[in-house]
Number of protein chains: 2
Amino acid sequence: MSSITVLLVDDHLVVRSGLRALLGTEPDFEVVAEAASGEDAVQLAQALSPSVVVMDLAMGPGMDGLEAIRRIRDLNERQAILVFTTYDSDADIVRAVDAGAMGYLLKDAAPGEIFAAIRGAAVGRSVMSPPVASRLFQQLRNPDEVLTPREAELLGLLTEGLSNRELGRRLFISEATVKTHLAHIYTKLGVDTRAAAIATAIRREGMR
Amino acid sequence: MSSITVLLVDDHLVVRSGLRALLGTEPDFEVVAEAASGEDAVQLAQALSPSVVVMDLAMGPGMDGLEAIRRIRDLNERQAILVFTTYDSDADIVRAVDAGAMGYLLKDAAPGEIFAAIRGAAVGRSVMSPPVASRLFQQLRNPDEVLTPREAELLGLLTEGLSNRELGRRLFISEATVKTHLAHIYTKLGVDTRAAAIATAIRREGMR
DNA sequence: AGCCATATCAGCCAAAAGGCTGAGGCCGCG
DNA sequence: CGCGGCCTCAGCCTTTTGGCTGATATGGCT
């Protein structure tokens, strides 16, 4: 009976057709459209109201996945959105969830996991890949280690290679304040040099 | 007549089936097997001698793409191997080419490009995505900016967040030597702090 | 043999970063 | 209304880094 309609969003054609092929093996799924950009995704989600939007976070130029999630939620609060991406970055997970994603799946998930996640999302359940879940739990267990928004901002600029002076100028704060923030960041990240902070930041936010 | 036999290697099921679906639309391609790991790839390449091996560099745990390329070339010098990956990292491109790849395609390539690249590889021609090609040319044009092996090694450890002292210990050289190498690395990368060096190193080697 | 790239090391000095202590203002929550 | 988290800033002192100049050794290429 009523099948689950799915909108696929990914900037890679091969991923879209792979997913389409995969979902085609299950009788209750129906891929109603594909989008290669955030813009298209928003438009198609509005036009078609699919049961579930399955989308990658990394998108080419233009609107990124997170922004697309927000826009889609703005149009329809109840739209189920499932993130389907390659990397399990701490920041991305958190951001995706609070942008309104129902679940977070990694691309190396087994077919069964993918099916279950989509079916779950369709009925309003949250699903996530085990590695993703464990990261989230860790964040909840160690709230001490979570950076404040300002610290995260600093850390972001830090990974651009800026000096303390430049950081200060960029953020309209004194160099003293920059050093204070950095000291906090270091203790939270468990490092004691900016180099190590950059390294762990990029590896944490980046991949693996 | 004689169709082009293809071995697909990618750790993501969706990518494999997407590619299979895509290649299925062209009558002259025949996907003879899929491999999800480097180990399987080597074995299948040897057993089936496909016209072209299309593979991702990023592979889960175990043998990575580069290693798999080398192994396959060891077994059969003439085997055509086409790298099909998401990111165009300077280092990866160079390494893939000298590991023996015939071409280097990005996953966001248009279907036509993909077909052309595989057909080209099958007859011994080298093909690469435009952005990839431009990077290679840039490397050839600016040999001054190419790091020596030792410098590259240092840079690698630098991105782990090590201090000069630690770098020295790790490489069994004095801190003075470390500083000399770093100075050279900085001028070659066009930066003047280790933080910036780490940042550009990771962004260059990393992705985008 | 001479030359060049690479790798190694030293010393000196200035600039940047890091550790520590203390402190004021703002805001939300009980 | 007080407590605590967050953001802001200062001063002081040590360590680390970076810039510069110069030197030795090795190995390959001409």
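Computed over heavy atoms, backbone and side chain alike; hydrogens, waters and symmetry mates excluded. Keep in mind it's a predicted model, so treat the numbers as computed, not measured. Chain A is the first sequence line, chain B the second, and so forth, proteins listed ahead of strands; every chain is numbered from 1.
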Residue A:Ser174, side-chain heavy atoms: nucleotide from D:dA10, C:dT8, D:dG18 that is nearest: D:dA10
Return no unless some side-chain N or O of B:Thr148 is found under 4.0 Å from OP1 or OP2 of C:dA7. yes
Interatomic distance where CD1 belongs to A:Ile198 and C1' belongs to C:dA16 [whole Å]: 14 Å
N or O in side chain of A:His184 less than 4.0 angstrom from D:dC6 OP1/OP2: no
Rounded to whole Å, how long is the line connecting atom CD1 of B:Ile173 with atom P of C:dC9? 6 Å
Measure from OH on B:Tyr186 to P on D:dC20 and round the result to the nearest Å. 14 Å
Candidate list B:Thr86, B:Val9, B:Asp10, B:Val83, test side chain to side chain contact (heavy atoms under 4.5 Å, CB included), partner B:Leu57, passing option: B:Val83
Nearest-Å distance, CG (A:Leu167) to P (D:dC7)? 15 Å
For the base of D:dC7, is there a side-chain donor-acceptor partner from A:Thr180 under 3.5 Å away? no
State whether B:Asn164 places a side-chain N or O below 4.0 Å from either non-bridging phosphate oxygen (OP1 or OP2) of D:dT16. no
Could you check if a side-chain atom of A:Val54 sits within less than 4.5 angstrom of a side-chain atom of A:Val52, using non-hydrogen atoms only? yes
B:Glu166 atom CD is separated from D:dT15 atom P, nearest whole Å, by 16 Å
What heavy-atom pair brings A:Glu113 and A:Leu105 nearest, and what distance separates the two atoms? O-CD1, 4.3 Å
Can you identify which nucleotide, out of C:dG18, D:dA10, C:dC9, has its nearest atom closest to the B:Ala176 side chain? C:dC9
Toward the 5' end of DNA chain C, which comes first, A:Glu175 or B:Pro149, by nearest nucleotide? B:Pro149
Just by distance, with hydrogens left out, do A:Ser174 and A:Thr177 show a side-chain donor and acceptor under 3.5 Å apart? yes
Tell me whether the OP1 or OP2 atom of C:dA17 has a side-chain N or O from A:Arg194 closer than 4.0 Å. yes
Could you give the CG-to-C1' distance, from B:Leu147 to C:dA7, as a whole number of Å? 15 Å
Compute whether any side-chain donor of one residue and acceptor of the other, for A:Asp56 and A:Thr85, lie under 3.5 angstrom apart. yes
Pairwise 5' ranking along DNA chain C for B:Thr193 and B:Lys179, keeping only the more 5' one: B:Lys179
Output the rounded distance in Å from CG (B:Asp192) to P (C:dA15). 14 Å
Looking only at side-chain atoms of A:Arg165, point me to the closest of D:dT8, C:dA16, D:dG19. C:dA16
Phosphate contact (C:dT8 OP1 or OP2) by B:Thr177 side-chain N/O below 4.0 Å: no
Tell me the interatomic distance from B:Leu154, atom CG, to C:dC9, atom P, rounded to whole angstroms. 12 Å
OP1 or OP2 of D:dT8 sitting under 4.0 Å from any side-chain N/O of A:Arg150? yes
